[in-house]
**Student:** 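One structure follows; several queries about it will come next.
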Number of protein chains: 2
Amino acid sequence: MPRAGLAPAAVIAAGAELADEVGLAGLTMGLLAERVGVRTPSLYKHVDSLDALRRSIGLQAKREMGDALARACVGRSGADAVHAFADAWRRWVVAHPGRYAATVRAPAPDDEEGLLLADEVLQILFAVLSGFGLEGPRAIDAARMVRSALHGFASLESDGGFGFPRDIDRSYHYLVTTLIAGLRSPDPDPDA
Amino acid sequence: MPRAGLAPAAVIAAGAELADEVGLAGLTMGLLAERVGVRTPSLYKHVDSLDALRRSIGLQAKREMGDALARACVGRSGADAVHAFADAWRRWVVAHPGRYAATVRAPAPDDEEGLLLADEVLQILFAVLSGFGLEGPRAIDAARMVRSALHGFASLESDGGFGFPRDIDRSYHYLVTTLIAGLRSPDPDPDA
DNA sequence: GCGGTTGGCTAACTGTATTAGCTTATAGCT
DNA sequence: AGCTATAAGCTAATACAGTTAGCCAACCGC
């Protein structure tokens, strides 16, 4: 009997695809084994556990998403860059809901690779916001705000949380535009 | 042997408490049974399934959270009301993480009670935003924006997603203030 | 070709949700 | 008070997901 010829990377890639199809919560060892043409226990030759698999999918996804975001923002600045960042973010999340869910869980304090990748995405966001003259802690506040808004919108959208028929693209565009308007308005209390 | 004297409402309430302690994902029939002093299968006399239990917890939580939000906003308007709404929102989420997680899943299209309760919370938000002169679809856009931002912030916070030591309360205050500034700025394209 | 390495398998165990079917406490009626 | 029907609780058993142990054979390097 010939072997399936798996490698950890292939298992993780297949897991990421499967997670996009059935949701991160629906990703199961049995399903993944069937997908890659192998019996369930064989997966453990490539992956430590389901939890470790999810973490690996998350790491890989952070890389992919970071690349997509960085590519979308090259050569742009100010409001233009924020729109490019936000649009690329949402496009990526909609295209890869399972992977995205895997990126959300914060890395453990001792997870160096996870922390590093999270920081890389954050650096892109800081660069995008650099044109708004935000100083020190305010830059962190602004990054948290943008990330919260984009994450919240994407996660509500993928949960089907928007009931009204109002066009979701337009709502998103309004969100980003209004965020930018807020970023531009004078800081009411720069010392806070 | 005397009976435990349970009722569905008591089981749901205990489940909500337990979910706040161990997380919605950690809520298990066995754990809940132990908590209410009964063997696992006995719970099925009061609840249809774990999934139904989660849904019931979510419904109850929507009621409680809606009450908290409405109470926080009485007699306020404009920026004041938005701050009150946002602060009450975050306080409630931090105090009841498990319950909040149960409220997030969008109700099924045929889940009348769920849809009704979701709508009630939305109405509070519309009332809070009524002072900003938003017309028609723009009111929906604005409500989606505020909800996305608050939900995103709360969910990232409770996932431990904010790495920096920067004070989270201040970031939240900045978020709300900046959102308000954005709401006040002129609509760049009122026809969109 | 030969031998170690390692991917894959079957069998078995654990924990969780759930169902079936029995027993009996208890509420309500007479 | 006694009778009865309902329903709360129990034990036993099933199904399925994750995981471990231990065997076997395909492949890689010599």
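Just so we're on the same page: letters track the sequence lines, and every chain starts at 1. Both backbone and side-chain heavy atoms feed into the values below; hydrogens, waters and symmetry mates do not.
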**Student:** What is the distance from atom CG of B:L18 to atom CZ of B:R35, rounded to the nearest 0.5 Å?
**Tutor:**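 Atom-to-atom, B:L18:CG and B:R35:CZ are 5.0 Å apart.
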**Student:** Determine whether B:I12 and B:H46 make a side-chain contact, defined as any pair of heavy atoms from C-beta on separated by less than 4.5 Å.
**Tutor:**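 No. Closest side-chain heavy atoms not under 4.5 Å.
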**Student:** In Å and rounded to the nearest 0.5 Å, what is the CZ to CZ distance from A:F153 to A:R90?
**Tutor:**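 If I round to the nearest 0.5 Å, the distance is 5.0 Å.
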**Student:** With sequence neighbours excluded, tell me which residues meet side-chain hydrogen bond (donor to acceptor under 3.5 Å, both in side chains) with A:R138.
**Tutor:**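 Partners of A:R138 by the side-chain hydrogen bond (donor to acceptor under 3.5 Å, both in side chains) criterion, ordered by chain and then number, come out as A:D141, A:D187.
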**Student:** Please tell me if the side chains of A:L53 and A:L32 come closer than 4.5 Å, counting only heavy atoms from C-beta onward.
**Tutor:**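 Touching, per the 4.5 Å side-chain cut-off.
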**Student:** For B:H151 and B:Y100, take the angle between the two ring planes, folded into 0 to 90°, and tell me which bin it lands in: parallel under 30, tilted 30 to 60, perpendicular over 60.
**Tutor:**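 Rings of B:H151 and B:Y100: tilted, as their planes differ by 30° to 60°.
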**Student:** Among the nucleotides C:dG8, C:dT10, D:dG9, which one has an atom lying closest to any side-chain atom of B:S42?
**Tutor:**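 From the listed options, D:dG9 comes nearest.
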**Student:** When you measure from every atom of DNA chain C, which of residues 20-30 of chain B have a heavy atom less than 4.0 Å away?
**Tutor:**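 Correct list: B:T28, B:M29, B:G30.
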**Student:** Using a strict heavy-atom distance below 4.0 Å, which residues from residues 47-56 of chain B are in contact with DNA chain C?
**Tutor:**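 Heavy-atom cutoff 4.0 Å gives B:S49, B:L50.
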**Student:** Taking only residues at least two apart or on different chains, which pairs with a member in residues 60-78 of chain B satisfy side-chain hydrogen bond (donor to acceptor under 3.5 Å, both in side chains)?
**Tutor:**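 Sorted pair list: B:Q60-B:R63, B:Q60-B:E64, B:R63-B:E113, B:E64-B:R99, B:R76-B:D80.
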**Student:** Expressed as a whole number of angstroms, how long is the span from A:K45:NZ to D:dA25:C1'?
**Tutor:**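 Checked: the NZ to C1' distance equals 12 Å.
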**Student:** Can you tell me how far CG of A:L179 sits from CG of A:L129, rounded to the nearest 0.5 angstrom?
**Tutor:**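 If I round to the nearest 0.5 Å, the distance is 9.0 Å.
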**Student:** Given atom CZ of B:R39 and atom P of C:dT23, what is their separation to the nearest angstrom?
**Tutor:**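 Atom-to-atom, B:R39 to C:dT23, this comes out as 18 Å.
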**Student:** Any chance you could pull the hydrophobic cluster mates of A:L117, using side-chain heavy atoms under 4.5 angstrom and chaining through other members?
**Tutor:**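 Its cluster mates, by chain and number, are A:L59.
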**Student:** Under 3.5 Å, which N/O atoms of the protein pair with N/O atoms of nucleotides 13-16 of chain D?
**Tutor:**
none

**Student:** If I take atom CG in residue B:L18 and atom C1' in nucleotide C:dT16, what distance separates them, rounded to the nearest angstrom?
**Tutor:**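 So the two atoms are 15 Å apart, to the nearest Å.
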**Student:** Choose from D:dA8, C:dG8, C:dA17 the nucleotide whose nearest atom is closest to any side-chain atom of B:H46.
**Tutor:**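 The nucleotide sitting nearest to the side chain is D:dA8.
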**Student:** Distance check needed: C:dC9 P versus A:Y44 OH, whole Å only.
**Tutor:**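 The distance from OH of A:Y44 to P of C:dC9 comes to 14 Å, rounded to the nearest Å.
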**Student:** Do the charged groups of B:E34 and B:R39 touch, with an N to O distance under 4.0 Å?
**Tutor:**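 Result for this pair is no, no salt bridge flagged.
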**Student:** Any chance you could measure A:R105, atom CZ, to A:L24, atom CG, to the nearest 0.5 Å?
**Tutor:**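 Nearest 0.5 Å value for the CZ-CG distance: 7.5 Å.
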